[in-house]
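These notes are about the structure you will find just below.
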Amino acid sequence: MSSHLLPFTATPPPQIPTKASPLPQHTLSQRTHIPSHIYKHPAAILLELCTSPKELNQIIPQIIKNGLYNETLFQTKLISLFCKYGNLTEASRVFEPIEDKFDALYHTMLKGYAKSSSLDSALSFFSRMKHESVRPVVYNFTYLLKLCGDNSDLKRGKEIHGSVITSGFSWNLFAMTGVVNMYSKCRQINDAYNMFDRMPERDLVCWNTIISGYAQNGFAKVALMLVLRMSEEGHRPDSVTIVSILPAVADIGLLRIGMAVHGYVLRAGFEPLVNVSTALLDMYSKCGSVRFARVIFDGMDHRTVVSWNSMIDGYAQSGDAEGAMLIFQKMLDEGVQPTNVTVMGALRACADLGDLERGKFVHKLVDQLKLDSDVSVMNSLISMYSKCKRVDIAADIFKNLQNKTPVSWNAMILGYAQNGCVNEALNAFCEMHSRNIKPDSFTMVSVIPALAELSTPRQAKWIHGLVIRRFLDKNVFVMTALVDMYAKCGTIHTARKLFDMMNERHVITWNAMIDGYGTHGLGKTAVELFKEMRKGTIKPNDITFLCALSACSHSGLVEEGLCFFDSMKKDYGIEPTMDHYGAMVDLLGRAGRLNQAWDFIQKMPIDPGITVYGAMLGACKIHKNVDLGEKAAFEIFKLNPDDGGYHVLLANIYATASMWDKLAKVRTIMEKSGLQKTPGWSLVEIGNEVHSFHSGTTSHPQSRKIYDYLETLVDEIRAAGYVPDTNSIHDVEDDVKVQLLNTHSEKLAIAFGLLNTSTGTPIHIRKNLRVCGDCHNATKYISLVTRREIIVRDMHRFHHFKDGVCSCGDYW
DNA sequence: CTAGGGTTAG
């Protein structure tokens, strides 16, 4: 294969001689002739055998006692040993007083600095060497380049590369392999390749360097192509090649290629090598075959902690959290010391299981193993506690966490958002913003749903702008979140524009768009889009069908809905869940086919849950059917709902039918069981602020003004034909009933919105419950007399009020 | 003194 197949151009062959030409090296034997009584001295033999700092400290007094401390051999050996044990202070103490320091001593010292000290001290020692006219040798550069690569210090890496050139090592295989590696570790894979390409001779190690470079920089396919090219040029892949390439195979997830590599491993006899087997099992689990991974894992007669970690993570990532915990437990039982990666895998499994108890156990382990200084581990703890619904503990950890990374912020924001703490999520996002920590796609995917929840179009535009400025507007996850957000902010056409602009769409992108049309009452468009999706390559999933069914339900498209429900199992093999059955009952019930809905419930293959009977009860409320309503409510109460909404619904059915004694009974039950109706609230966005209103409250600073305005507004709409619907309120005087109605949170929010925006501006309201009959009617008239468009998003759908009409066609 | 490449991770 020639290099034109690769996405880079080959550089012309170098003009300079092709033979590597290292400078002559100074060796100890060349410099000094050591008499045998010195190098055969017992102390010299002891030094030769020395394996620990402790032993070294025991030998030193003997060296001094025998007057050998000033002998070159002993000085050299001592410096080397101190460097090996990372004790640069002691090494310097031997090194500095030596008068005639020969070059090798400098080289040893530099190695010491490079292996155990900071880049800074290694480099300053290196410049001292230049200053003191020590001729550099190749391995000075290889050590320094490695250090720059490990620290991802491109700037200084380039400086060392410069020194390599000026010192005449440009064509040295070892030095240039170091340069290639440095560039790829600094994520400059193109520079790395350019250097690789110019090398006059390349051996196996050099090929491995560039291959692992591409693999680690996310260019899995290029890495694989290079393996082929390397073989064609006569280098047989060794175990290092295999271990480098397997993560790349895992990345692209091609099991077929992975198995081919496995075959090669068997033929080459690399299987007994732990790192090869570990990389293989990791590849299998990432390519979707945990079972194969497990077979390899079980067949290993020796495992490292990486093997265990890989296996735990393999289970966790494939969705088998319980399997991950079993391996984790087995690992602890066998006495293998967990690392940070181990606990991160275990915590993820606990999070997936929502298992707080075991999560806390792993947390204790983290403390015992002193892993609490590892930010990644702490981030995993934040995620685990959030997923286990203890966002309070997560927030505590986050607050006390030193050196927070962007990942920490993302984990916290997502934790808040997933626990319904929308304001906390937004506050954290703003704080992150003000600290100048740049949001990435993960941040956006966490924070955008929080804004969608609030339905604030202005903030929606602001975050969209931020997405563009952060160059995240090509990311399919971020764009899907934006489509969903615009739909949930009432700007469905903007959502569609973004949807059409996207080059890549996932199933959730389609779901968001179909659901958006559904909740806006644009059932026909939703159905059209769903049909378009079925023609394409992206397969609908259970959620898609749920969105489609709910869209049909909101628009009264009963036949289409029945047809989709049928096709779901028949054509796509998707088993309906409780939510699908609920959607079907909703579809039939809303359309007034109450008996058919009840029959449908009786024929369900699974025991109907609250969702199903709740849909039935809601339909009975709309169509004023006391009989079936009572039956449905009875079933719901047997299932012990934790919110009082269903009792209220039944009470409303009785009120509409003027069955006051039965209504009183329901109220008594509610009081006895302590069940409460969820308090209603409405939000409206004015400028950069979001204002919330609760029914009957006067806490808003403009409260007086709002109530006054509401009074004149009600007079105006009454004149236009509005009649208050006091049906559901019965035990107070008529004028009080009207007053109570006028303090509903959405009326307050609408009045406030009208007062604080200019003529013609549409008003967006977000309400947590279903909009009530009287408010719905009143809002229609308000839109007529004020000539304003009012968009209300309630618990289930959107209502676009314009010129006295609502988009839901009074069917909600 | 005596060089360069490799596995797990939100």
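Numbers restart at 1 for each chain; the letters A, B, ... are given by sequence-line order, proteins then strands.
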(request) Classify the nucleic acid contact of A:Asp282 as base, sugar-phosphate or nothing, counting any heavy atom under 4.0 Å across all strands shown. (result) sugar-phosphate
(message) At less than 3.5 Å, do the side-chain atoms of A:Tyr106 and the base atoms of B:dC1 form a donor-acceptor pair?
(response) no
(request) Give the rounded distance in Å between these two atoms: CG of A:Leu144 and P of B:dG4. (result) 11 Å
(request) Could you tell me which residues satisfy ring pair (Phe, Tyr, Trp, His ring centres under 6.0 Å) with A:Phe442, sequence neighbours excluded, listed by chain and number? (result) none
(message) Within 45 degrees of the ring normal and closer than 6.0 Å to the centroid, is that where the cationic atom of A:Lys111 sits relative to A:Tyr139?
(response) no
(request) Could you check whether A:Gln216 gets within reach of a base, just the sugar-phosphate, or nothing at all, counting any heavy atom under 4.0 Å? (result) sugar-phosphate
(message) Quick check against the 3.5 Å criterion: does A:Asp313 have a side-chain atom that pairs as donor or acceptor with the backbone of A:Asn309?
(response) no
(request) Could you check how far CG of A:Leu246 sits from P of B:dG6, rounded to whole Å? (result) 15 Å
(message) Under 3.5 Å, is there any donor-acceptor pair linking the side chain of A:Asn275 to the base of B:dG6?
(response) yes
(request) Please answer whether B:dA3 and A:Tyr143 are stacked, defined here as ring centres separated by less than 5.5 Å and planes angled under 30°. (result) no
(request) Apply ring pair (Phe, Tyr, Trp, His ring centres under 6.0 Å) to A:Phe328 and list each qualifying residue two or more places apart in sequence or on a separate chain. (result) none
(message) What's the closest nucleotide to the side chain of A:Val306 if the choices are B:dA9, B:dT7, B:dG6?
(response) B:dT7
(message) So, using side-chain contact (heavy atoms from CB on, under 4.5 Å) as the criterion, who are the partners of A:Thr405 when residues are at least two apart?
(response) A:Val375, A:Asn379, A:Val407, A:Ser408
(request) Check each residue of residues 176-189 of chain A for a non-hydrogen atom within less than 4.0 Å of any atom in DNA chain B, then write out the ones that pass by number, or none. (result) A:Thr177, A:Asn181, A:Lys185
(request) Name the nucleic acid region contacted by A:Asn410, choosing base, sugar-phosphate or nothing; use a 4.0 angstrom heavy-atom cut-off, strictly under. (result) base
(request) Identify, with sequence neighbours excluded, every residue that meets ring pair (Phe, Tyr, Trp, His ring centres under 6.0 Å) alongside A:Tyr385. (result) A:His363
(message) Taking any heavy-atom pair under 4.0 Å as a contact, classify A:Ser212: base, sugar-phosphate, or nothing.
(response) sugar-phosphate
(request) Have a look at A:Ser239 and say if it touches a base, only the backbone sugar-phosphate, or nothing, with a 4.0 Å heavy-atom cut-off. (result) base
(request) Counting heavy atoms from C-beta on, name the nucleotide in B:dG10, B:dG6, B:dT8 closest to the side chain of A:Phe442. (result) B:dG10
(message) Tell me whether the ring of A:Tyr139 lies stacked over the B:dA3 base, given a 5.5 Å limit on centroids and a 30° limit on the plane angle.
(response) no
(request) Identify, with sequence neighbours excluded, every residue that meets ring pair (Phe, Tyr, Trp, His ring centres under 6.0 Å) alongside A:Phe297. (result) A:Trp308
(message) Quiz question: going by heavy-atom distance under 3.5 Å, is there a donor-acceptor pair between the base of B:dG4 and the side chain of A:Asp203?
(response) yes
